[in-house]
Q: 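One structure coming up, written as structure tokens, with questions to follow.
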Amino acid sequence: SERAKAACIMLEKHLERSNKPSALVMMNLARIRAGEDMGEPSNKPAPGSWLYEKQASDKAKEEGKKDGERGFDRRKDDRRDDR
């Protein structure tokens, strides 16, 4: 049903922001079983959560692109001997 699909989407949004998804499910198990609306997540992604890691990865990639645009060459800063 549409209501079940909407509940799954909301649950997914909560889980991707949680650094303890198992605990989140256990704490809200009664709500999930009853089919109650969990509502939109109101907090930002917790450190260690899937969404937090994805945003950090995207940010690192974006910074890498910026470095590349400036002609940044990581190899010239390499201090190892090439023996």
Side-chain angles (χ1 to χ4, degrees):
S1 75
E2 282 299 312
R3 186 173 162 197
K5 287 179 186 176
C8 285
I9 291 170
M10 284 300 129
L11 179 60
E12 183 178 1
K13 288 182 180 183
H14 281 275
L15 289 172
E16 69 186 11
R17 286 172 169 75
S18 175
N19 59 352
K20 296 181 181 178
S22 298
L24 177 88
V25 170
M26 295 306 288
M27 297 282 290
N28 291 292
L29 196 54
R31 272 189 188 170
I32 294 168
R33 283 185 181 153
E36 292 179 21
D37 184 20
M38 292 183 71
E40 287 286 334
S42 59
N43 47 353
K44 62 184 183 179
S49 69
W50 178 84
L51 190 58
Y52 182 90
E53 297 296 329
K54 182 175 184 317
Q55 289 175 348
S57 173
D58 291 348
K59 185 177 178 181
K61 285 179 186 175
E62 192 63 36
E63 288 175 0
K65 285 181 185 177
K66 288 179 186 175
D67 289 341
E69 291 171 0
R70 288 188 221 127
F72 179 77
D73 187 1
R74 189 172 301 220
R75 291 173 293 181
K76 74 176 182 179
D77 291 335
D78 193 2
R79 305 250 187 255
R80 292 178 289 169
D81 285 336
D82 291 326
R83 295 182 197 186

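What you are looking at is a predicted structure, and each value in this text was computed from that prediction instead of being measured.
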Q: Transitively linked via ILVMFWY side-chain contacts under 4.5 Å: Met10 with Ile32?
A: no
Q: Please check this pair: side chain of His14 against backbone of Gly39, looking for a donor-acceptor N/O pair closer than 3.5 Å.
A: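 Side chain of His14 to backbone of Gly39: a pair is present.
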Q: Suppose we screen for side-chain hydrogen bond (donor to acceptor under 3.5 Å, both in side chains). Which residues come up paired with Asp37, at least two apart in sequence or across chains?
A: none
Q: Which heavy atom of Ser49 sits nearest a heavy atom of Ser18, and at what distance?
A: CB-O, 3.3 Å
Q: Not counting sequence neighbours, which residues clear side chain to side chain contact (heavy atoms under 4.5 Å, CB included) with Lys54? List them please.
A: Trp50, Asp58
Q: Kindly say whether Gly35 contributes a backbone atom to a donor-acceptor pair with the side chain of Arg3 at under 3.5 angstrom?
A: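 Judged by distance alone, yes, a pair lies under 3.5 Å.
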Q: Side-chain heavy atoms under 4.5 angstrom apart, residues restricted to Ile, Leu, Val, Met, Phe, Trp, Tyr: same cluster for Leu29 and Leu15?
A: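 Same cluster.
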Q: Would you please name every residue forming a salt bridge (Lys or Arg N to Asp or Glu O under 4.0 Å) with Lys13, sequence neighbours left out?
A: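 Counting only residues at least two positions away or on another chain, Lys13 forms a salt bridge (Lys or Arg N to Asp or Glu O under 4.0 Å) with Glu40.
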Q: So which heavy atom on Ala46 is nearest to which on Tyr52, and how close?
A: O-CB, 3.2 Å
Q: Supply the atom-to-atom distance Leu24 CG to Met27 CE, rounded to the nearest 0.5 angstrom.
A: 8.5 Å
